[in-house]
Amino acid sequence: MHKFLAELELELVWYKYLTSTGSRTSLSGIEFGKFAREKLPKQLYMSQILQKYFGQKHQLHYTLDDYVILAKKS
């Protein structure tokens, strides 16, 4: 997150991590992978950010967790 904000010349003020864990039903890894490939669109823009800043190696078809970020110009 810090690298991403620095590249945008922004200073972190506050952030909150949001998750849907605990509010959804469980699927096995194989079941969820099949569901994601068949039912969810590729996350074209998020995948690029995740690959660049977080070392993600593959395209995602879903995003379960998010951050709310408040930043200001440095």
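In this structure Leu70 satisfies the side chain to side chain contact (heavy atoms under 4.5 Å, CB included) test together with Val13, Trp14, sequence neighbours excluded. Remark: Glu31 engages Leu27, Ser28 in a side chain to side chain contact (heavy atoms under 4.5 Å, CB included) (not counting sequence neighbours). Shown here are the side chain to side chain donor-acceptor pair (under 3.5 Å) partners of Glu7, two or more places apart in sequence or in another chain: Lys52, Tyr53. Scored by the side chain to side chain contact (heavy atoms under 4.5 Å, CB included) test, Leu8 finds Phe4, Leu10 as partners (sequence neighbours excluded). With sequence neighbours excluded, no residue satisfies ring pair (Phe, Tyr, Trp, His ring centres under 6.0 Å) with Phe35.
Residues Lys73 and Glu11 fail the side-chain proximity criterion, which asks for heavy atoms closer than 4.5 Å.
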